[in-house]
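Lettering follows sequence order; numbering is per chain, from 1. All values below come from the heavy atoms of this structure, side chains included, with hydrogens, waters and symmetry mates left out.
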There are 2 protein chains.
Amino acid sequence: MRLRTAWKSLVLLMLAGLAGAKNVESQTAPTLNLMPWPASVQAGNGALKIDASFGVAFAGYKEARLDRAGQRFLLQLERQTGLLISNKPADPAKATLVVHTDHASKEVQELGEDESYTLEVTPQGAKLNAANPLGALRGLQSFLQLVDVSADGFAAPAVTIKDQPRFGWRGLLIDSSRHFTPMEVLKRNLDGMEAVKMNVFHWHISDNQGFRAESKKLPKLHTLGSGGAYYTQEEIRDVISYARDRGIRVVAEFDMPGHSSSWFVGYPEIASTPGPFKIEDEWGVMDPAMDPTNEKTYKFLDTFLKEMTKLFPDHYFHIGGDEVNGKAWDANSKIQEFKKAHNYKSNDELQTYFSQRVQKLVNKYGKAAVGWDEIFVPGAPKDIVIHSWRGPKALAEAAKQGYQGILSNGYYIDLMWSAARHYAVDPLSGEAANLTPEQQKLVLGGEATMWSEYVNWENIDNRIWPRTAAIAERYWSPQAVTDVNSMYARLDLVSQRLEWVGLTHRSQARKMLQRIAGPAAPEELAALRTLADVLEPVKDYTRGETTSYTAITTTPLNHVVDAVPPESDVARRFDDKVSAFVSGSCRDANAAAQLRAQLMKWRDNDAKLQSLAQKSSLVKEVQPSSQDLNAVAVIGLNALDAIAKGTPLNDDAKAQASATIAAASKGKAQLLLIPAGTIQKLIDAATNSGACTAK
Amino acid sequence: MRLRTAWKSLVLLMLAGLAGAKNVESQTAPTLNLMPWPASVQAGNGALKIDASFGVAFAGYKEARLDRAGQRFLLQLERQTGLLISNKPADPAKATLVVHTDHASKEVQELGEDESYTLEVTPQGAKLNAANPLGALRGLQSFLQLVDVSADGFAAPAVTIKDQPRFGWRGLLIDSSRHFTPMEVLKRNLDGMEAVKMNVFHWHISDNQGFRAESKKLPKLHTLGSGGAYYTQEEIRDVISYARDRGIRVVAEFDMPGHSSSWFVGYPEIASTPGPFKIEDEWGVMDPAMDPTNEKTYKFLDTFLKEMTKLFPDHYFHIGGDEVNGKAWDANSKIQEFKKAHNYKSNDELQTYFSQRVQKLVNKYGKAAVGWDEIFVPGAPKDIVIHSWRGPKALAEAAKQGYQGILSNGYYIDLMWSAARHYAVDPLSGEAANLTPEQQKLVLGGEATMWSEYVNWENIDNRIWPRTAAIAERYWSPQAVTDVNSMYARLDLVSQRLEWVGLTHRSQARKMLQRIAGPAAPEELAALRTLADVLEPVKDYTRGETTSYTAITTTPLNHVVDAVPPESDVARRFDDKVSAFVSGSCRDANAAAQLRAQLMKWRDNDAKLQSLAQKSSLVKEVQPSSQDLNAVAVIGLNALDAIAKGTPLNDDAKAQASATIAAASKGKAQLLLIPAGTIQKLIDAATNSGACTAK
C-alpha cells in the first residue's frame, strides 16, 4: 500500500503541525524513562533498590501466560541490569513486586479489551494492579522501563502510575512478501512491540512478490508463489501464540484483488489476464488482478478464506483492496461485458462489487473485514474497518457514516521520515478533529507500516526502531503529550533498551558499516562513521523512483544507505544547537566553540576517508557526500568567522554558499547530507539581514 | 586448573621471549587476511570477483557433512558480503569454487587425521582440494577469510595456498562448571573455533561449582550437583554432532579426585570426608576429594565411566587429576591407615594409586586417558596424554619418557594476558626445543583454557576472542610465523569477521558499557568509552585474590572490568607510537602532534565523565582510574613540552612524575590503566639521560 499521490499535501500539513509542536516544546529533561508516556504519572520520594533479592509474585487471577510473562520479565530485568536474579516465583508476602490481576481476558484477544493498570513503586516495594492479564503485561513493561542504574546501584524511582491507552488499535505492519521476514526477526519485533505496548501485529503476508503462508487446501499458493520462502501453518500458529503471550493480536492481510501476482503463479485461472505469471521482483504497482467477474474466483476465495480465517483466530481479517490500476480488467473483453451488463461506469464500481462479495465471505466465517481506503464504498457492511493510507480526511468521512477506521497515512516508516514527523501525526487530527465524540470513537487507532522493498533480516530493525516507539506513544498516550524534546530524550533511552530486548537496530548498523569499510584502519572506520552519522536515506519514494535497478528482491542491501538509520541523531542535535545559537543572536561563545569544533571535524573528515574510498567500492559510493560534508563545513566555519568578527557576508558570498549548500542537499547514492540545511541557517544569520552580525 | 605457583617464573620467561620476538618483527603490512597463516602462500595476479552469481560445487567424495558445510559456507559468504547468493548447489562445470575431496575421514574424528588442503584462487575461479572432509572444512574457512570488499566490489585475491597444521591437537577448553555455558554460547564458540581451524573442544563439564552433564545411571550427579543448570544427554550429543560437522573433536573432562564437591552433594559416600556437601560458589582450590582407598569409589567410577565414555565418542577422555590439596585425605584416619599399609609416603603417591586405577577403567572402555600434569607419575600407562598446566619443562620430561603431551601453560586466557604474550608461547619452546624430532612428535599441541570464574554468557566471547585466534595460529602455522605486528594487523580483521560468524565479543562489550552508563548523554557515554578503551582487567589471579566477595557464582558480572576486553587496542597502538617516537629520538613532529592530541583527549576526559559518575554507581567505581588518566596525560603532555623545548625534566620532576605513574599503574576496581606505563617512556625520554631532550 503506497502513498504515491497523497504525500505531498500531507508533507505541508505535517510541517505545519511540526512547527506548531515546536512552539510548545518544554525544555524540561525527562525524569522517567517511560515510553509511551502514561496517562497519569505522579512522582514519589526515593527509589526502590533492585538487587539479587528481587522477586515478583502474581496474586489474584492466575494463568500460565502470566507465569511466562513473569519469567520473561525476570530474564529481561537480569539482562538490562546484569544482576543475578532468581527466576523462582516469589512469596507474595516477600516479593519486591506483587502483580495483582482481577480476572481473565478473552481467549482470543479482542479489540477494545481493558488494558489499564496501576503501578505503585515505593522504596519498600512495588504493586501492579490490573483488571486482566493485558493490563498486567503493560504494567510490567512500565516497571522494566523504570529500572536503571543510579548513584546507588540499580533502582526504580518511586512513582504512582495510572495508565490506559488512548486507542485500542496500536499496530505495526510488517510486509513479509517483498522481503521474507525470518521467524526470529518477527519474534524480536513482537518483543519490541510488547516493550512499547503495541497490540496489533498486521502481517502483510502476501503480495505480488511472494505468497508467504502455507495453504493446505490450495498448496500451489505457497509452493509456486513463494520461491520457497514461506511460513508453515505451524510457524504461523507459533507467531500467533508468541504474540498472544505479549498481548498482541495478529491480523493477517491477504491483499486482493490486486497485489496478487504471486497467487496467479499457481492459480492463473482466477486472474483477469491469461498467464503464465511469475513472482514479481520489481518495485511498483503491478497490473495483474483477480477476475471479479468469474465465479471461479469466489469459489476459490471461499475455500481460501475458510482455511485462513481458521488459521488466524483474530476477529478481523484484512483483505487489502488497494491500488488496483485496472489495466488487467480493461484488457479483458469478458470483464468489459460484465461491467456493461451491470451498468458499472468505472473499475472502482467493479472493485466495489468484488469487495462486497469478499466481505460476505469473510462474514460467512465469522470475521469482520479490514481493508484499505478503497473498500470504503457506498453499501459496504458496517462491521468493516477502513485502513486509511490516504489520510485523516478519508477516515473522518468514514466515521461520519458510522464506519470504524485506523490510520496509517503519516505512519509509513518506509518513507524514512523523522520520528518527530510521525509523532506529530494524530489519528484525530485534521478533519477527524471535528468529529463528534461518538464519531471519534470509531477512529480505533493506527498502524506503522514497514513495507519491505528495501529491508531484509539485517536492517529491518533499524527501519522499525526506534521511530516506532514514538508512534506507539502517539497511539497510547494522551493527545496532549506532544513535547518533541521530551520524546527524543526518552526515545534515545528506549532505543538502547530495545537492544536489550533483542532488537539489533543499533548493533547491526555498526556491523554493516564495518563490512562496508572492509579491512580498514581504525581511523578510516572512524571517518566512515563520522560521515555515516550525518547521512540519511532519501525520503518518500525517491529510491524506488530513481534507482537504476528496480528488482527489489534481488538487489543487495549492503550499501551505506541500507546501514544508516532513517534519522541522524548527530545531525538533529547539531540542528538544535545551531537553532539555539542563531535564535540567541549568536552571543553564546561556548556554543560557538562547540559548533566550530564540530564543523572542523566534518571539514577534516574527507581527507581521512580518501584512502578507504580507494579500497572499498562501497565507500567510494559515498565519496561525493564526503566531499559535500567538507564543503558545507568550510562554509559553516566561514559563517562563524563572519559572525565572530561582526562582518556580514555579502550577497555574492551568501549566494555562492547557498548554491553549494543546495548542491550538497541533493540526494547522492540515495543519501541526504542532513547538516547542509542546518548550515544554511548559519549563512542566513551571518548576513546583513541576519541577526548575528549586527551585534 | 590453575597456574597458582608457576606463573611468576613463566612471566619472566615470556617477557624474555616477547622481547626476542619484537626484535625480529617485520614492519610489512599483511596483504592477506588469513589467520592462522598457512604453511605456504603464493600470491597471484588479480582477484576473483564475488557477486550474486557465486556458486560452490563439491566433487569427488561426497557426504552430507560436506553439503551442510557448503550451506554454512554460502550463508557465511552472504552475511559477510551482504550479497544475495543462491544456496542451491552449483554445477561443477560452472561453479566459482569447486571443492574436490578424495575420500572420507574417520567416522569418529581422530587425533592426527589429515587436515591438509590446497586452495588455488585465480580471477577465473577457485579450486579447493583436500584428502578428506577435514581438509575441505579448513580450506573453506581460508576462502572465506580471503573475501572482502575491494575497489572493485567484493573479491578474493588470486593466491595459491598449500596448507596443513603444525600440531594435530589445537584446542579450546571451556569451563561450563563455574558458570554454566548456554547451548547457543557453546555453538557460536564452536563456529569461532572452526573459523580459525581449531579441532578440539575440551569440555570441562564438572568441577566443585557444578556437575553439568546428565547421568542416567547416577542421576543425583546432575539433579543435586548442578543447581538445575546441566546439559541433557541429547544436548551433549547435539554439541558433539555440531562440533563434528566443523571438524572438531569433543574431549570431555570430568575432573577427579579433587575438584569434585558437586559430585558429593548427591553421592557423599565416595568422598574422603563425611558430608553433607554443597555445590561450591567460591573462588579457589577446595578441600573435598574422592576417597581413593574405598572400593565403592571405583565401583561408582566404573558405572560412571561406562556411561560417559559411551556418551562422548572421542578416543580421549580427560580425567582431570589436578590440585588435590590432600586435606581431606589427611583428615581421614582410614585413608591414613591405607597409606601406611601400602607404604605410601605422600599424598602424591596415593593419588598415583588412584590415577592408575581410574586409567585402567578408562582403558577398559576402549579409551585413553588425558589428565593434568599430576597424572604423569612413574608407571603410568603409555597411552595417556599429559595436559600440562605447569609448563614446557614437564611436557619435555614426559616426552623423554615416551609420553604424549599437550600444553596449556601460557595459554590461560582467563589470566587476561595480551594476545602477543600468548602468541610468544610455543609448545616446542624451552626444554621441549631440545627434544629429538621423535620426542617432539609426542608434543601434540595445545589448548587455550577459558576458566569461567568471571565469565558468563555475556562476556565469555569477549574473553575468548579474538586472542584465541592468535593462539590458534600458534598451533597451526609454521613455527617461524612470529611477527607480532602482522599478527595484530590480521587479528583485528579476524576479530571483525568473527562477529559475522555470530560471536558477540565486540558488540556485547559495547552494550555492557551502555548499561553501565545508564541514561547517559551521548557525550557522557563517549567519555566512558574513552576511559574504558584504555583499561584492562587486572592480570593473573589478582581479581580472585583481592576481591572482597569470593562467591564467584553469585557475583554479578556487570562492572566495567567485566565489559572491557582483556587487551586494550587503543593503549597498544599508543604504546607503539610512543615507542617509535622515542626510539626515533623524538624528531618526528607529526608523531609528536598525534601523541599530543591523544594526551589532550585523555587529560580532558575526566571532566566529561564526572556528571555520569554522579548518576551511575558502576561508573563511580572507575572514577579513580579516570582521575589517573587525567593525571598521567598531564604528565605526558609535560614530557612532550620538555622534549619540544629541549629542556630536560630535572630529577625532582621525573621522580614526582614517576611516582604519579606508579600510583596510577596500580589496579583499581580490578582494572589497570594501561597507558600509564607508556607515559613513563615519555618521561624517561624527556630527562637528561633520555635521548630526546639532548638534540
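Contact annotation for B:E499: both backbone and side-chain heavy atoms come within less than 4.5 Å of a heavy atom of chain A.
Here the CG-CG distance, from A:N558 to B:L84, works out to 8.0 Å after rounding to the nearest 0.5 Å. Rounding to the nearest 0.5 Å gives a distance of 11.5 Å between CG of B:D152 and OG of A:S616.
Among A:T81, A:L83, A:L618, A:V619, the residue with the largest count of heavy-atom pairs under 4.5 Å with chain B is A:T81. Interface check for chain A: of the options B:E78, B:R573, B:K620, B:Q614, the most heavy-atom pairs under 4.5 Å are formed by B:R573. With chain A as the partner, the residue from B:S507, B:A613, B:S150, B:A521 showing the most heavy-atom pairs under 4.5 Å is B:S150.
Atom CE of B:M600 is surrounded by 12 or fewer heavy atoms from other residues, nucleotides or ligands within 6.0 Å.
Between A:N33 and B:P519 the shortest side-chain heavy-atom distance does not fall below 4.5 Å.
Between A:S617 and B:A151, the shortest heavy-atom distance links the atoms CB-O, 3.4 Å. Between A:G82 and B:P556 the shortest heavy-atom distance is O-CB, 3.5 Å.
Scanning residues 508-518 of chain B against chain A with a 4.5 Å non-hydrogen threshold yields B:Q508, B:R510, B:K511, B:M512, B:Q514, B:R515, B:I516, B:A517, B:G518, sorted by number.
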